[in-house]
Novice: 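Handing you a structure now.
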Amino acid sequence: DVQLQASGGGLVQSGGSLRLSCTASGFTRTDYVIGWFRQAPGKEREGVSCIKNRDGKQYYANSVKGRFTISSDNTKKTVYLQMTNLKPEDTAVYYCGIDLPPYIYTNDEYSWEFGMDYWGKGTLVTVSS
């Protein structure tokens, strides 16, 4: 079974940094996407960032561009989300997920925001003002 283990959440002051990790297991294919989504209280889950394993292409939500950086260690099937200059509005439960082919495309662009095929348990990030 595909499993994802997320870690790294915590409490940080506004302007601070955190690094989340997500390790995937239970599959052998080499074409996949691991992404981070978040859900704040009373809000819908939204995409934060994702990275394609095959070519390393990265995707970011506009709200985190320039502040968050996604990276991967393919040998460990682990993806990292380095979050800097955190703001109170970044407070949410962060979930990592994995998307397996076939992928959804819109106008020839990979539509990662629609979600992932499998999800891990979330990790809480709280940013105090």
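All residue numbers in this chain count up from 1 along the given sequence.
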Novice: Tyr118 and Ile34: same hydrophobic cluster, using ILVMFWY side-chain contacts below 4.5 Å?
Specialist: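 The answer is yes; both residues are in one hydrophobic cluster.
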Novice: Does Tyr110 have any ring-ring contact (aromatic ring centres under 6.0 Å, His included) partners at least two apart in sequence or in another chain, and if so, which?
Specialist: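 Partners of Tyr110 under the ring-ring contact (aromatic ring centres under 6.0 Å, His included) test: Tyr59, Tyr103.
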Novice: Carefully, step by step, assess Thr123 and Val93 under the rule side chain to side chain contact (heavy atoms under 4.5 Å, CB included).
Specialist: CA-CA 5 Å; Thr123 184; Val93 177; over 6 Å; no
Novice: Given side chain to side chain contact (heavy atoms under 4.5 Å, CB included), test Leu18 with Val125 step by step and report yes or no.
Specialist: CA-CA 9 Å; Leu18 279 175; Val125 172; 3.9 Å; yes
Novice: Indicate the atoms forming the closest heavy-atom contact of Gly115 with Phe37, along with that distance.
Specialist: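 Taking every non-hydrogen atom into account, CA-CZ, 3.8 Å.
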Novice: Using atom types as modelled and distance alone, determine if a side-chain donor or acceptor of Ser14 lies under 3.5 Å from a backbone N or O of Pro88.
Specialist: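 No.
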Novice: Decide, yes or no, whether a salt bridge links Asp90 with Arg38 under the criterion of side-chain N to carboxylate O below 4.0 Å.
Specialist: yes
Novice: Answer whether the closest heavy-atom distance between the side chains of Ile51 and Lys57 falls below 4.5 Å.
Specialist: no
Novice: Atom CG in Leu4, atom CE in Met116: separation rounded to 0.5 Å?
Specialist: 10.5 Å
Novice: Which heavy-atom pair separates Asn85 from Arg67 by the least distance, and what is that distance?
Specialist: O-NH1, 3.0 Å
Novice: Between Ser128 and Leu11, which heavy-atom pair has the shortest distance, and what is it?
Specialist: CB-CD1, 4.4 Å
Novice: Answer yes or no: is there a donor N or O on one side and an acceptor on the other, between the side chain of Ser111 and the main chain of Thr106, under 3.5 Å?
Specialist: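 Indeed, once roles are kept as given, a pair shorter than 3.5 Å links the two residues.
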Novice: What salt bridge (charged side-chain N to carboxylate O under 4.0 Å, His left out) pairs are there with at least one residue in residues 111-129, not counting sequence neighbours?
Specialist: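 Non-adjacent pairs meeting salt bridge (charged side-chain N to carboxylate O under 4.0 Å, His left out): zero.
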Novice: Ignoring hydrogens, what is the shortest heavy-atom contact between Tyr60 and Ile70? Give both atom names and the distance.
Specialist: OH-N, 2.8 Å
Novice: When rounded to the nearest 0.5 angstrom, what is the spacing between CD in Glu46 and OG in Ser63?
Specialist: 5.5 Å
Novice: Please give me the minimum heavy-atom distance between Phe68 and Val48, naming the atom from each residue.
Specialist: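 So the two residues come closest at CD2-CG1, 3.7 Å.
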Novice: Using atom types as modelled and distance alone, determine if a side-chain donor or acceptor of Asn107 lies under 3.5 Å from a backbone N or O of Glu109.
Specialist: no
Novice: Could you walk me through whether Tyr80 and Leu20 pass the side chain to side chain contact (heavy atoms under 4.5 Å, CB included) check?
Specialist: CA-CA 6 Å; Tyr80 305 97; Leu20 305 182; over 6 Å; no
Novice: Should we count CZ of Phe114 as having more than 12 external heavy atoms under 6.0 Å?
Specialist: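 No, not enclosed.
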Novice: Provide the closest heavy-atom pair for Ile98 versus Val2 in the form atom of the first, atom of the second, distance.
Specialist: CG2-CG1, 3.8 Å
Novice: Would you sort out whether Asp99 and Tyr32 count as a side chain to side chain contact (heavy atoms under 4.5 Å, CB included), showing the intermediate values?
Specialist: CA-CA 6 Å; Asp99 194 14; Tyr32 56 87; over 6 Å; no
Novice: Is it the case that the side chain of Ser72 and the backbone of Val79 share a donor-acceptor pair, with hydrogens and angles ignored and the cut-off at 3.5 Å?
Specialist: no
Novice: So, Thr78 side chain and Lys76 main chain: donor-acceptor pair closer than 3.5 Å or not?
Specialist: yes
Novice: Describe, in one word, how the ring planes of Trp119 and Tyr95 are oriented to each other, choosing from parallel (under 30°), tilted (30 to 60°) and perpendicular (over 60°).
Specialist: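 Trp119 and Tyr95: perpendicular rings.
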Novice: More than 12 heavy atoms of other residues, nucleotides or ligands under 6.0 Å from CD of Gln5: yes or no?
Specialist: no
Novice: Measuring from Ser49:OG to Gln82:CD, what's the distance to the nearest 0.5 Å?
Specialist: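 Nearest 0.5 Å value for the OG-CD distance: 12.0 Å.
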